[in-house]
Amino acid sequence: MARTYSETIALGSRAAPFSLPAANPDCDDKGDENRSLADYADAQVIVIVFMCNHCPFVVHVRSELVRMANEYLEAGVQFIGINSNDAVRYPDDSFPRMREDAETYGFLFPYLYDESQAVARAYGAVCTPDVFVYDSNRELRYHGRIDETRPGGEPSHGRELRSALDQLISTGIVEGEQIPSIGCNIKWKQDGS
């Protein structure tokens, strides 16, 4: 596995619009197969996590992500998972496998497929997991790791992401150091398509 750190993105940057197919369209009441950023206009906070099925770093935090997404939903926080990996070279990250993982692990947040990889590029995502937290104005307030745990060590507890969400919900700002996420690099298509 190629360890990659998330890149620095300026706080205050605006969330890029997108419309992507959901591997689990029954996760909410939005209706059709695609989900867009605008579908969640009523959310006070949006957490976008670039993730995939096979990365050991994502596998390590997956249960905690599901737990947080469920816990924070009533506070107006909407989690969105996006898989941008090249599924031709990495078939474990294919759309059918995304459906399986969403069902197996009980994703109650949309798990979207960025086949063109344009959304990952628009956000500046480079690794999995790569976490972006936006306020109600869709301005970036947190871009950092979920917690300090790693695969093979203690279970993920989400302390740093939880702290950022709690601060954003209560004060509208996130204070303190934002430590880059670490994970596998996004599996970019070799032909650039």
Side-chain angles (χ1 to χ4, degrees), residues 1-9 20 22-24 27 45-73 77-115 117 119-121 123-133 140 142-167 174 176-190:
M1 79 187 127
R3 291 180 179 219
T4 301
Y5 286 92
S6 58
E7 295 185 352
T8 301
I9 308 292
L20 297 169
N24 55 339
C27 69
V45 175
I46 289 186
V47 179
I48 296 176
V49 182
F50 287 87
M51 55 189 285
C52 65
N53 301 335
H54 86 277
C55 169
F57 290 89
V58 174
V59 170
H60 175 69
V61 301
R62 183 172 46 213
S63 294
E64 181 59 20
L65 280 175
V66 170
R67 194 166 23 259
M68 280 192 284
N70 295 344
E71 288 175 14
Y72 281 91
L73 193 57
V77 177
Q78 177 65 55
F79 278 65
I80 299 170
I82 300 177
N83 175 9
S84 301
N85 276 357
D86 177 5
V88 172
R89 289 188 306 131
Y90 295 87
D92 282 346
D93 291 330
S94 68
F95 195 68
R97 289 296 309 275
M98 290 173 63
R99 285 184 194 270
E100 290 174 20
D101 274 19
E103 183 175 333
T104 299
Y105 301 105
F107 292 2
L108 295 180
F109 56 89
Y111 190 21
L112 311 181
Y113 186 38
D114 177 24
E115 183 177 12
Q117 302 183 322
V119 176
R121 293 186 191 286
Y123 278 80
V126 296
C127 64
T128 57
D130 204 345
V131 180
F132 298 76
V133 179
L140 185 66
Y142 181 80
H143 180 231
R145 65 188 186 183
I146 294 167
D147 58 39
E148 80 287 356
T149 66
R150 298 287 177 265
E154 69 174 286
S156 176
H157 47 67
R159 190 171 295 126
E160 290 169 59
L161 179 54
R162 286 176 179 277
S163 175
L165 293 175
D166 291 343
Q167 289 180 61
V174 178
E177 183 179 12
Q178 298 187 17
I179 300 170
S181 184
I182 185 173
C184 298
N185 59 307
I186 288 179
K187 308 309 184 202
W188 302 108
K189 294 181 179 182
Q190 293 181 337

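Note that the numbering runs from 1 along the sequence shown for the chain.
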Classify the side-chain pair Asp93/Tyr113 by whether it contains a donor and acceptor separated by less than 3.5 Å. no

Do you know which two heavy atoms are closest between Gln78 and Pro110, and how far apart they sit? NE2-CD, 3.4 Å

Keeping the roles fixed (side chain from Ser181, backbone from Pro129), state whether a donor-acceptor pair exists under 3.5 Å. yes

Please round to the nearest 0.5 Å and tell me the distance separating atom CG of Asn70 and atom CG of Leu108. 4.5 Å

On a heavy-atom basis, the closest approach of Trp188 and Ala120 is CH2-CB, 3.8 Å

In terms of the angle between their ring planes, are His54 and Tyr90 parallel, tilted or perpendicular, with boundaries placed at 30° and 60°? parallel

Test item: side-chain donor near acceptor, Asn53 and Tyr111, under 3.5 Å: yes

Do you know which two heavy atoms are closest between Cys55 and Cys184, and how far apart they sit? SG-SG, 3.0 Å

Under the salt bridge (charged side-chain N to carboxylate O under 4.0 Å, His left out) test, which residues partner Arg67, sequence neighbours left out? Glu64

Approximate separation, where rounding is to 0.5 Å, of Lys187 NZ and Ser84 OG: 12.5 Å

Would you call Asp86 and Lys189 a salt bridge, using N to O less than 4.0 angstrom? no

Checking Glu115 against Phe95 for the side-chain contact (heavy atoms from CB on, under 4.5 Å) test, could you report, in this order, the C-alpha distance in whole Å, the side-chain angles of both residues, the deciding distance, and whether it holds? CA-CA 9 Å; Glu115 183 177 12; Phe95 195 68; over 6 Å; no

Distance, nearest 0.5 Å, that separates OH of Tyr5 from CG of Asn185: 14.0 Å

Here's a test for you: under side chain to side chain contact (heavy atoms under 4.5 Å, CB included), which of Asn85, Asp92, Asp101, Ile186 qualifies with Cys52? Asn85

In terms of heavy-atom contacts, Ala69 and Phe109 come closest through CB-CD2, 3.6 Å

Keeping Arg150 on the side-chain end and His60 on the backbone end, is there a donor-acceptor pair under 3.5 Å? no

Between Ser6 and Asp130, what is the shortest heavy-atom contact and its length? CB-OD1, 3.2 Å

Roughly how far, to the nearest 0.5 Å, is the CZ atom of Phe50 from the OG1 atom of Thr128? 11.5 Å

According to side chain to side chain contact (heavy atoms under 4.5 Å, CB included), who are the partners of Asp147, at least two apart in sequence or on a separate chain? Thr149, Ser156, His157

More than 12 heavy atoms of other residues, nucleotides or ligands under 6.0 Å from CD of Glu148: yes or no? yes

With rounding to the nearest 0.5 angstrom, report the CZ to OH distance, Phe79 to Tyr72. 8.0 Å

Shortest non-hydrogen pair, Tyr142 vs Val174, comes out as CD1-CG1, 4.1 Å

So do Val77 and Val133 actually touch side chain to side chain, heavy atoms under 4.5 Å? no

Out of curiosity, Leu112 CG to Ile80 CD1, how far, rounded to the nearest 0.5 Å? 6.5 Å

